[in-house]
2 protein chains.
Amino acid sequence: MGKGRRVMQLDDRKKQVLHAIVDDYVSTNEPVGSKALIERYDFRVSSATLRNEMAELEKLGYIEKPHTSAGRIPSDRGYREYVDSLMTVDQLSPEEQLAIQANIDESVDEVTDLIKNATQTLSKQTGFVSLAMSPRLRKSFLTQLKILMIEPGKALVVMVLSAGVVKDKVVRIPNFITDEQMFKISSAVEKHLTGKPLDEITLVTVETSVTDTEIPNPLLKQVLYEAYTAIKQADELNIYLEGEHRMLELPDFASLGRARELLGTLSDSSMVAGYVNEMQGCAEEKGQEDTYMIRIGQEIALEGLEDCSFITATYNLSDSVSGNIGIIGPKRMEYSKVISQIDFVKKTLNEKIKKLK
Amino acid sequence: MGKGRRVMQLDDRKKQVLHAIVDDYVSTNEPVGSKALIERYDFRVSSATLRNEMAELEKLGYIEKPHTSAGRIPSDRGYREYVDSLMTVDQLSPEEQLAIQANIDESVDEVTDLIKNATQTLSKQTGFVSLAMSPRLRKSFLTQLKILMIEPGKALVVMVLSAGVVKDKVVRIPNFITDEQMFKISSAVEKHLTGKPLDEITLVTVETSVTDTEIPNPLLKQVLYEAYTAIKQADELNIYLEGEHRMLELPDFASLGRARELLGTLSDSSMVAGYVNEMQGCAEEKGQEDTYMIRIGQEIALEGLEDCSFITATYNLSDSVSGNIGIIGPKRMEYSKVISQIDFVKKTLNEKIKKLK
DNA sequence: GTTTAGCACTCGAAGAGTAGGAGTGCTAAT
DNA sequence: ATTAGCACTCCTACTCTTCGAGTGCTAAAC
């Protein structure tokens, strides 16, 4: 009666009850009833009291009933409250830490492989789908750019970026450009672009980089255009998804329909990539770059993922260059466990990236 | 009685019956009974006669009963007979041809992308999982090899192969090698290896390619070793799988268990790659390079694919360099349709590869 | 000898009915 | 505010039954 309406704060006991409901449902996959709650957690009250509390929690939208005479399951909002203020994230056991460290193989030469490794490990450890976004390279700058002739009409643009990443692209060029001409162009472009962040490089920047007048203009223009597309392509987002088949092992997706929708959506990886990127954008606006992004159930704006949760963390290639790594699992998951797993994988990944340099 | 026992040849009517059973089962997904057969195909005999024929076909192992009082379904052997001698493969309709051609986008610069495109198209058209093996490059030879310094301790080995493929690998090198030293090494190695097929290049070949004595031997040896690993890596097989989620749409995999096994196996792509490569090896031994490889049900030596069929064709990058493209679908598929689809995709891919050069 | 009609039998799929039980909300007493 | 008690709900699992498609076999017909 005397309580505020708009920003209803849960009292301590309600929090306890919600906490217990989430824990129980996550571990048993059964709607939890007042009786089960009394039996498994030591509330000093009767089941009737709990029933009242649960009725209120339901009215407030934290839990819901699958049908009239069943126990309660957490709603999206319930999970959200759990994640935001109820759970405690503790460290992984030494064995788990070891398993992860052993699994992320550092005997690779490219960051990309390291990231893939970390992603595979994450999926294996959690049993869910894991994903990694390639580093967002727009803030990184060119340290080298070479255009190599491959054969008449084809050249390879090789770019080395400040984050230590190497990108390249085969491009088509006019047939009759000579090696020397190409070398000149390559040097001029490199000289002009070195040190520039990718997102500041426009077609104009590239076109104005060569002042040599010996090369016929149309030829030059085409080469420069191709170089530009190569640079833009280096900046493109890639996503790497791993462990889709593991979703079929989960009771949450035992109904073919759900599984189908889920895998269908995940198969369009560019869509997922776009979404993750958007999420990242939101987080950055709010200045939450270093923390986790957690989306639960309906909060995910992707069809087919209504029963999933999405958790990602940020790894760093360098100060200004980062990507995301995380998982997509069922809403009904051990959030604190999974978060610490992601956290540890992220940390391990960051360390091994540093070592690689 | 008077017939041969060992190589039992089916008489015409038995062939007709088997043909009809396969067709019917493929289109309805219901075990086929004698009555259904009479109704839908015009056999000029009674159902009783067909029952006798079917009993014999069963005794010979071409068809089988899911349970005592059900119709018959083709056995692996039945499908095999159907594929080998009963079906006729006809051309795709112009619309289908167009759909495929339109889908394989040729506005890409690298063969790899073209192959990916073709694979995606194939999955979309058939509704099954499609796959492509990267070209087997061992027979192709180096036309260029450059080692570029990226930063102290890191270099990029770029290889251009006769098939028009570009491969590269970042390798670690001793910190204190200078640009000039590296340039010398790179040129010497390139000169020595150009024109050699990949499978003839050994560590020794690479090590003996530099005769320059100015570079301290341990340094040189390390660089050459890394170059060698890069070359070997270029020769590695890659597989590209597409459309796994489509398998969940098929009634054949409606039981979660089957689907799980299947996707589980497919998730280990290197295993699938190994198997396809082995198949290709067998086909080459028998001199069947240019035709299709078809494996049905138990013929596939991969766990979880007992209810699948595997069909691949060969695409060519150049005379001696080829890879495979094909599908994995349920045993119960329209073989002739699928084969013509694969065939047409393969042809289209081959043409577009030529254009790309 | 091959084909066919007839028939008894098998066995899975589908539906109806039933019992059980976990859980709820409400009321009245503590 | 808490709790015991109770009537009520409704899902789950199980059994029982029916239905029908399909089979193999036998004996007659061609």
Side-chain angles (χ1 to χ4, degrees), chain A residues 1-3 10-18 20-22 24-25 27-75 78 251 254-255, chain B residues 1-3 10-18 20-22 24-25 27-75 78 251 254-255:
Chain A
M1 287 277 172
K3 290 176 190 170
L10 296 182
D11 62 52
D12 274 0
R13 197 169 62 192
K14 282 205 184 48
K15 283 185 184 173
Q16 266 180 56
V17 174
L18 180 54
I21 290 176
V22 173
D24 205 69
Y25 182 59
S27 63
T28 65
N29 195 20
E30 300 285 336
V32 347
S34 51
K35 211 169 161 186
L37 228 40
I38 290 281
E39 274 170 19
R40 285 198 276 269
Y41 304 81
D42 67 32
F43 288 101
R44 304 308 188 78
V45 292
S46 73
S47 67
T49 310
L50 282 189
R51 277 203 291 283
N52 291 332
E53 292 286 45
M54 288 162 83
E56 285 196 64
L57 278 171
E58 185 175 5
K59 209 168 289 171
L60 295 169
Y62 292 99
I63 55 181
E64 54 199 28
K65 284 189 286 219
H67 35 256
T68 330
S69 76
R72 306 303 214 294
I73 61 174
S75 64
S255 100
Chain B
M1 285 281 172
K3 290 174 190 171
L10 296 181
D11 61 52
D12 274 0
R13 196 170 62 192
K14 282 203 183 54
K15 282 185 184 171
Q16 266 181 55
V17 174
L18 180 55
I21 290 176
V22 173
D24 204 70
Y25 181 59
S27 64
T28 64
N29 195 20
E30 300 285 336
V32 187
S34 52
K35 212 169 161 187
L37 228 40
I38 290 280
E39 274 169 21
R40 285 198 276 270
Y41 304 82
D42 68 30
F43 289 101
R44 302 310 188 76
V45 293
S46 73
S47 66
T49 311
L50 283 189
R51 276 203 290 284
N52 291 333
E53 292 286 46
M54 288 163 82
E56 285 196 64
L57 278 171
E58 186 174 4
K59 208 169 290 170
L60 295 168
Y62 292 99
I63 56 180
E64 53 199 28
K65 285 189 283 219
H67 33 256
T68 329
S69 77
R72 307 302 215 294
I73 62 174
S75 64
S255 99

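Predicted, not measured: the structure shown is a model, and the values here were computed from it. Here is the naming used below: chain letters follow the sequence lines, and residue numbers restart at 1 for every chain.
When the P atom of dT23(D) is taken as reference, atom CD of E64(B) falls 14 Å away, rounded to whole Å. Rounded to whole angstrom, the span from the NZ atom of K59(B) across to the P atom of dT23(D) amounts to 15 Å. In this structure, D24(B) places its CG atom 15 Å from P of dA21(D), rounding to the nearest Å. Atoms CZ (F43(B)) and P (dT3(C)) sit 13 Å apart, rounded to a whole Å. The CE-C1' distance, from M54(B) to dT3(C), rounds to 17 Å in whole Å. Atom P of nucleotide dT23(D) and atom CG of L57(B) are separated by 12 Å, given to the nearest angstrom. Straight-line distance from the CD atom of E53(B) to the C1' atom of dT4(C): 14 Å, rounded to whole Å. Remark: P of dG22(D) and OH of Y25(B) are 14 Å apart, rounded to the nearest angstrom.
For the salt bridge (charged side-chain N to carboxylate O under 4.0 Å, His left out) with R72(B), the lone residue among E64(B), E30(B), E58(B), E56(B) that qualifies is E58(B). Partner Y62(B) forms a side chain to side chain contact (heavy atoms under 4.5 Å, CB included) with one of V17(B), I21(B), V22(B), L57(B) and no other, that one being L57(B).
Put simply, the side chain of D11(B) reaches to within 4.5 Å of the side chain of K14(B), judged on heavy atoms. Residues T49(B) and R13(B) are in side-chain contact: their nearest non-hydrogen atoms beyond the backbone lie under 4.5 Å apart.
For Y25(A) against P74(A), the heavy-atom pair with the smallest separation is CD2-CD, 3.4 Å. Summarising the geometry of P31(B) relative to P66(B), their closest heavy-atom pair is CG-CG, 3.9 Å, with the distance given to 0.1 Å. Contact between P251(B) and N29(B) at its shortest, heavy atoms only, is CB-ND2, 3.5 Å.
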Return the polar atom pairs (N/O with N/O) between nucleotides 28-30 of chain C and the protein under 3.5 Å, or none.
none

Any protein N or O atoms within reach of nucleotides 25-27 of chain C? Criterion: under 3.5 Å, listing atom names and distances.
unit_1, atom_1, unit_2, atom_2, d
dG25(C), OP1, K65(A), NZ, 3.2
dG25(C), OP1, R72(A), NH2, 3.1
dG25(C), N7, R51(A), NE, 3.2
dG25(C), O6, R51(A), NH2, 3.3

Anything under 3.5 Å between a protein N or O and an N or O of nucleotides 12-16 of chain C, put it in a table, one pair a line.
none

All N/O pairs under 3.5 Å across the protein-nucleotides 28-30 of chain D interface:
none

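Listed by chain and residue number, nothing satisfies the side-chain hydrogen bond (donor to acceptor under 3.5 Å, both in side chains) test with N52(B) (two or more places apart in sequence, or in another chain).
Across all strands shown, S34(B) has heavy atoms under 4.0 Å from sugar-phosphate atoms exclusively, and none from any base.
If you find the closest nucleotide of DNA chain C to T49(B) and to K35(A), the one lying nearer the 5' end belongs to T49(B).
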**Request:** List the steps, then state whether side chain to side chain contact (heavy atoms under 4.5 Å, CB included) holds for L10(B) with L60(B).
**Result:** CA-CA 9 Å; L10(B) 296 181; L60(B) 295 168; 3.9 Å; yes

**Asked** Is there a side chain to side chain contact (heavy atoms under 4.5 Å, CB included) between M54(B) and L37(B) once you walk through the steps?
**Response** CA-CA 11 Å; M54(B) 288 163 82; L37(B) 228 40; 4.1 Å; yes

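Proximity of a side-chain donor or acceptor of S47(A) to a complementary backbone N or O of S34(A) within less than 3.5 Å is not detected.
Between R13(B) and dT3(C) there is a side-chain polar atom (N or O) within less than 4.0 angstrom of OP1 or OP2.
Here salt bridge (charged side-chain N to carboxylate O under 4.0 Å, His left out) pairs that include residues 39-51 of chain A, with residues two or more places apart or in two chains, are D24(A)-R40(A).
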